Amino acid sequence: MDFLRISLIQMDVIWENPVSNRLKLERLMEPLYGETDLIVLPEMFSTGFSMNAKTLAESMDGETVSWMRKHAKKLGIAIAGSLIIKENNHFYNRFLFITPSDEIHYYDKKHLFSIGEENQYFSHGNKRVVFQYEGWRIALYICYDLRFPVWCRSIKDADLMLFSANWPAARKSVWKTLLQARAIENQLCVAGANRTGSDGSGIIYSGDSMVIDPKGSIIGELPDRTDELLTCTISLTELNKFREKFPVYKDEDNFEIKS
């Protein structure tokens with residue numbers, strides 16, 4: 001697939017209420033039937049950025065994952081977003097990517113936000129995740145990972161980075177700057193879906209979800225503090241043309257990313 005239509009949904013996530021959040025998302029996603037190829041949701045879209053992992057965690061056979069699988073198939077659209085998963089007596093902030101044909105790819109957040117005590121309640125992931133979907137090589141990352149360029153570095157293996165986030169409004173300029181930086185330094189497309197509203201800890205979020213091209217230009221951006229969706233189209237042909245016209249990758253350093 002040359003053209004990939006990406007839809008970002010930013011919303012005021014209802015605190016620790018998976019049922020209400022799933023219902024809210026169903027209403028937001030329904031108009032996207034036939035209009036997009038991929039929906040990206042914010043970090044912990046079913047609960048908000050809660051440290052109440054023991055109560056809120058689900059299994060990979062749980063209600064929210066089943067809901068994602070059901071709606072990916074029903075809408076014919078891949079659905080991606082982060083939620084709290086319990087596995088082998090560990091809790092993970094897990095970014096799932098589920099296709100209409102029921103393929104499941106997932107990434108466990110590597111950089112846990114210790115300032116918010118996330119590292120006290122969740123286990124670190126230790127593996128970069130890059131996979132192919134519709135001809136695109138897609139890398140998954142979550143929120144705070146954005147601050148760590150070595151971990152996000154493409155080893156000539158990705159065309160699109162997805163970020164699922166709960167990024168506070170107080171640092172919105174950092175969010176925008178780093179999304180653009182990751183696109184420029186890796187010569188790829190970047191899409192970041194962030195939440196709006198305020199959470200149970202009183203933290204305010206402004207959204208600012210956006211899609212960025214490999215030159216760092218913003219293709220599309222959602223305004224502050226709205227429950228809204230954005231759909232943008234990116235082209236693999238145009239991406240590869242730019243890489244060949246300005247082949248920075250030929251001069252980059254050899255390196256190895258270790259967990």
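Keep in mind that the numbers below use all heavy atoms, side chains included, and drop hydrogens, waters and symmetry copies. Just so we're clear, the structure is a prediction, and the values are computed from it rather than from any experiment. Throughout, residue positions are numbered sequentially from 1 according to the sequence presented.
Note: Trp151 and His111 have perpendicular aromatic rings, judged against thresholds of 30 and 60 degrees for the angle between ring planes. Taking the six-membered ring where tryptophan is involved, the planes of Tyr144 and Phe148 are perpendicular, since the angle between them exceeds 60° and thus also 30°.
Cluster annotation: Leu96 and Ile138 are assigned to distinct hydrophobic clusters (Ile/Leu/Val/Met/Phe/Trp/Tyr, side-chain heavy-atom contacts under 4.5 Å, transitive). In the hydrophobic clustering of this structure, Val211 groups with Leu236; members are Ile, Leu, Val, Met, Phe, Trp, Tyr whose side-chain heavy atoms approach within less than 4.5 Å, directly or through other members. Under a hydrophobic-cluster definition in which Ile, Leu, Val, Met, Phe, Trp and Tyr are linked whenever side-chain heavy atoms come within less than 4.5 Å, directly or via other members, Leu23 and Met44 are assigned to different clusters. Cluster annotation: Leu38 and Ile142 are assigned to the same hydrophobic cluster (Ile/Leu/Val/Met/Phe/Trp/Tyr, side-chain heavy-atom contacts under 4.5 Å, transitive). Tracing side-chain contacts under 4.5 Å through hydrophobic residues (I, L, V, M, F, W, Y), one never reaches Leu112 starting from Tyr92; they form parts of separate clusters.
For residues 199-223, the pairs satisfying salt bridge (Lys or Arg N to Asp or Glu O under 4.0 Å) are Lys172-Asp208, with sequence neighbours left out. Each salt bridge (Lys or Arg N to Asp or Glu O under 4.0 Å) pair with one or both residues in residues 87-99, not counting sequence neighbours, appears once here: Glu87-Arg94, Arg94-Asp108.
In this structure, Phe91 and Ala53 approach most closely via the heavy-atom pair CE2-O, 3.6 Å. Here the shortest heavy-atom pairing between Leu32 and Ile9 reads CD1-CD1, 4.4 Å. Heavy atoms only, all atoms of each residue included: Cys143 and Lys109 are closest at CB-NZ, 4.2 Å. What you find for Tyr121 and Glu117 is that their closest heavy atoms are CD1-O, 3.1 Å.
Between Arg225 and Ile204 there is a side-chain heavy-atom pair separated by less than 4.5 Å. Within the 4.5 Å cutoff, no side-chain heavy atoms of Phe131 are placed close to those of Glu103. Ile155 places a side-chain heavy atom less than 4.5 Å from the side chain of Phe255. The side-chain heavy atoms of Val65 and Ile98, taken from C-beta on, include a pair separated by under 4.5 Å. Contact annotation: the side chain of Tyr249 approaches that of Glu244 to within less than 4.5 Å [non-hydrogen atoms, C-beta and beyond]. Contact check for Gln187 versus Val248: side-chain heavy atoms found under the 4.5 Å cut-off. In this structure the side chain of Glu43 never reaches within 4.5 angstrom of the side chain of Val13, judged on heavy atoms. Side-chain contact between Glu30 and Lys74 is present, with heavy atoms from C-beta onward closer than 4.5 Å.
Of the possible donor and acceptor atoms, none in the side chain of Thr233 sits under 3.5 Å from a partner among the backbone N and O of Arg5. In terms of modelled atom types and a separation under 3.5 Å, the side chain of Trp167 and the main chain of Arg171 share a donor-acceptor contact. Side chain of Ser209 to backbone of Asn194: a donor-acceptor contact under 3.5 angstrom is found. Listed for the Asn186 side chain is a donor-acceptor partner under 3.5 Å among the backbone atoms of Ser154. Side chain of Lys176 to backbone of Met210: no donor-acceptor contact under 3.5 angstrom is found. Formation of a donor-acceptor pair under 3.5 Å by the Ser164 side chain with backbone atoms of Leu41 is found in this model. Judged by distance alone, the side chain of Gln10 and the main-chain N or O of Asp224 form no donor-acceptor pair under 3.5 Å. For the pair Arg195 (side chain) and Tyr205 (backbone), a donor-acceptor distance under 3.5 Å is absent. No donor-acceptor pair under 3.5 Å is formed between the side chain of Arg182 and the backbone N or O of Leu188. Side chain of Ser201 to main chain of Ile203: no donor-acceptor pair is present (N/O by atom type, distance under 3.5 Å, no hydrogens or angles).
Within a 6.0 Å radius of CZ in Phe246, other residues, nucleotides and ligands contribute 12 heavy atoms or fewer. For Lys127, the NZ atom counts as loosely surrounded, since its 6.0 Å shell holds 12 or fewer non-hydrogen atoms of other residues, nucleotides or ligands. Other residues, nucleotides and ligands contribute at most 12 non-hydrogen atoms within 6.0 Å of the NZ atom of Lys73.
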Let me have the donor-acceptor pairs involving side chains of residues 45-52, under 3.5 Å, with sequence neighbours excluded, atom names and distances please.
{"residue": "Ser50", "atom": "OG", "partner": "Glu16", "partner atom": "OE2", "Å": "2.7"}
{"residue": "Ser50", "atom": "OG", "partner": "Asn52", "partner atom": "N", "Å": "3.0"}
{"residue": "Asn52", "atom": "OD1", "partner": "Thr55", "partner atom": "OG1", "Å": "3.1"}

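Of the charged side-chain nitrogens involved, none lies within less than 4.0 Å of a carboxylate oxygen, so that Arg153 and Asp253 do not count as a salt-bridged pair.
Paired with Phe97 under the rule ring pair (Phe, Tyr, Trp, His ring centres under 6.0 Å), one option of Tyr133, Trp136, Tyr141 passes, and it is Tyr133.
Side-chain contact, Thr237 with Asp2: a donor N or O sits under 3.5 Å from an acceptor N or O.
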